[in-house]
2 protein chains.
Amino acid sequence: MPKTAVPVKPRVGRPRKLPLARGAAAAPVLGRERILDAALALIDAHGPQAFNIRELAAQLGVAPAAIYWHVPSRNALISGAAARVMNGVADDIAPGRWQDRLRALLHRYRGMLQRHPKLAPLVASEMLGNAAFDAVLLDHVVRLLEDAGFDGAALVDAYNVVIAAMCGFATLELSAAPAEDVGEWEAACRAQLARVDAVRQPALARHLGALENKAFLLRWSSGTDRPLGSGFDAWTDVIVRGLEARARALRRAA
Amino acid sequence: MPKTAVPVKPRVGRPRKLPLARGAAAAPVLGRERILDAALALIDAHGPQAFNIRELAAQLGVAPAAIYWHVPSRNALISGAAARVMNGVADDIAPGRWQDRLRALLHRYRGMLQRHPKLAPLVASEMLGNAAFDAVLLDHVVRLLEDAGFDGAALVDAYNVVIAAMCGFATLELSAAPAEDVGEWEAACRAQLARVDAVRQPALARHLGALENKAFLLRWSSGTDRPLGSGFDAWTDVIVRGLEARARALRRAA
DNA sequence: ACCTGAACACCGTTCAAGT
DNA sequence: ACCTGAACACCGTTCAAGT
């Protein structure tokens, strides 16, 4: 939501840190790092929708306009906070079979989202919107796909599969319900469940008891309250087995 | 971003359509349907971030406040528009092997997002946030999983896998880059690519040419301009093969 | 270099009042 | 029942001015 007071305006841009004049030390009370830390804390607490610069400034004991000397926009703050969370997902992944490394990667990503669930609906889009990707992560992915036997165009496709697999399940699992009304939301979900027609949706009706509050679109608790652990294990299992089978099939065709 | 003028206020609620008094026909110029149509058109055009009620009202030739007689909030408008897009994804899926039906489902969902790419970053979260799920879709999913041999808790897990698979790839593929600056964005991406270190990220560097602008996190064109068709085919292939293999493994263990 | 005060141009939402 | 006018309480962002 870009609301510009004056539509036509030169960009702000990051200030380049000039070396301090010797002796004259102007204590930099704010600084980009401190701002991003505080922004991440606020977003973790109330979600990106409710995040606003005036509260951030108050939290930092500073005038709202001060933020803009270090960061060009609210969006950049959200992206920056998301990037800070993303970085390091792929560090310290133990060597081993490519299957195990892939599983470790998926678990790492999910763990990161579990620590920052409010970011779940954003990370996918922010990941793309962020030119600052984690090169270590991508190198890991490419290497494990080489080990799996992919190459050339097939490796590119498999790479996209892995990235999508990384984001896919965890994002859905941890995206929270609308925080507006708690009980009202649960009631609406239960009402929908009760409306399932055993005649028109027989298969669904058969398994409704098992699915209730444990399945996407049929649950009201979020992934933070009720983790879908076995579902996530199934997810990694399907991805790994699928990549194995596809690699075999491609090798056979070649 | 709930900004309430008066924080404590009773809810608005949907108006119940009373039968018109005979003769006295007050032409209902607005109506929930017409509003949602216009809202969807605006969101398709400029994205959910830029969507605002005042423009919607202007588009409908009406005062902004008039909207609130039919719809309780801006969020409800976005959810409603998203729901309208979602509905019917699973209609007219041809009978056949469960593998083919699953593939058809994934293609349907992607096709829907391709027609409404601006909704891509939302649909996942709106799907969850929306108590009005598409029962036909869910019944389809459960039925094909029964046919694949899943049952009980394993079926619940597999169900979650299928839903995540449906949203996973297409959402990433069609989530657009920040619309702010076009060329600047591409330049930033290219700069990142150039910064990949052949020594520290050797595997990534080896395939960088093939990945450039064709892979998640390494592309600047969106899925609307450059569809990742072969990547999506790989995705469905991996999911189907993975589910096949998992079903076999579970059967063997039982 | 870094921050403040005050303003501008927007918002979503409400409320009384009209018809 | 349905819509308008006008207001309220917020926003992000800018700009001149301070230090």
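Each chain gets a letter, A, B and so on, in the order its sequence line appears, and its residues count up from 1.
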Gap between atoms CD1 and C1', on A:Ile35 and C:dC3 respectively (whole Å): 11 Å

Donor-acceptor contact present, side-chain A:Arg200 to main-chain B:Val136, <3.5 Å: no

Atom pair distance, as rounded to whole Å: CD in A:Gln49 and P in C:dG12: 13 Å

B:Trp235 side chain to A:Ala165 backbone, donor-acceptor under 3.5 Å: no

Proximity to the side chain of A:Ala66 - top-ranked nucleotide from C:dT13, D:dC3, C:dT4: C:dT4

List the atom pairs, donor and acceptor, that lie under 3.5 Å between side-chain atoms in residues 212-220 of chain B and the rest of the protein, sequence neighbours left out.
residue	atom	partner	partner atom	Å
B:Asn213	OD1	B:Trp220	N	2.9
B:Asn213	OD1	B:Ser221	N	3.1
B:Asn213	ND2	B:Ser221	OG	3.2
B:Arg219	NH2	B:Leu172	O	3.2
B:Arg219	NH2	B:Glu173	O	2.9

Proximity to the side chain of B:Trp69 - top-ranked nucleotide from C:dC3, D:dT13, D:dA1: D:dA1

Phosphate contact (C:dA1 OP1 or OP2) by A:His70 side-chain N/O below 4.0 Å: no

Side-chain (A:Arg115) to main-chain (A:Val85) donor-acceptor, under 3.5 angstrom: no

Whole angstrom value for the distance that separates C1' of D:dG5 from CD1 of B:Ile67: 15 Å

Protein-nucleotide distance (A:Phe51, atom CZ; D:dC11, atom C1'), rounded to Å: 13 Å

Distance in angstrom units between A:Arg54 CZ and C:dG5 C1', rounded: 12 Å

Residues A:Arg84, A:Asp37: salt bridge by 4.0 Å N-O rule: yes

Nucleotide pairing, DNA chain D (Watson-Crick or G-U, distances under 3.5 Å), in dot-bracket with [ ] and |: ||.|||||...|||||.||

Donor-acceptor contact present, side-chain B:Arg110 to main-chain B:Phe169, <3.5 Å: no

Atom-to-atom span, CG of B:Leu30 to C1' of C:dT19 - whole angstrom: 16 Å

Interatomic distance, B:Asn75 CG vs C:dC11 C1' [rounded to whole Å]: 14 Å

Candidate nucleotides D:dA6, C:dT4, D:dC3, ranked by approach to the side chain of A:Ala65 - the nearest: C:dT4

Nucleotide of D:dC11, D:dT14, C:dT13 approaching A:Tyr68 most closely (side-chain heavy atoms): D:dT14

Residue mapping more 5' on DNA chain C - nearest nucleotide basis, B:Ile53 or A:Pro64: A:Pro64

Backbone N/O of B:His116 and side chain of B:Asp44: donor-acceptor pair under 3.5 Å: no

Atom-pair distance (CG on A:Leu77; C1' on D:dC11), nearest Å: 15 Å

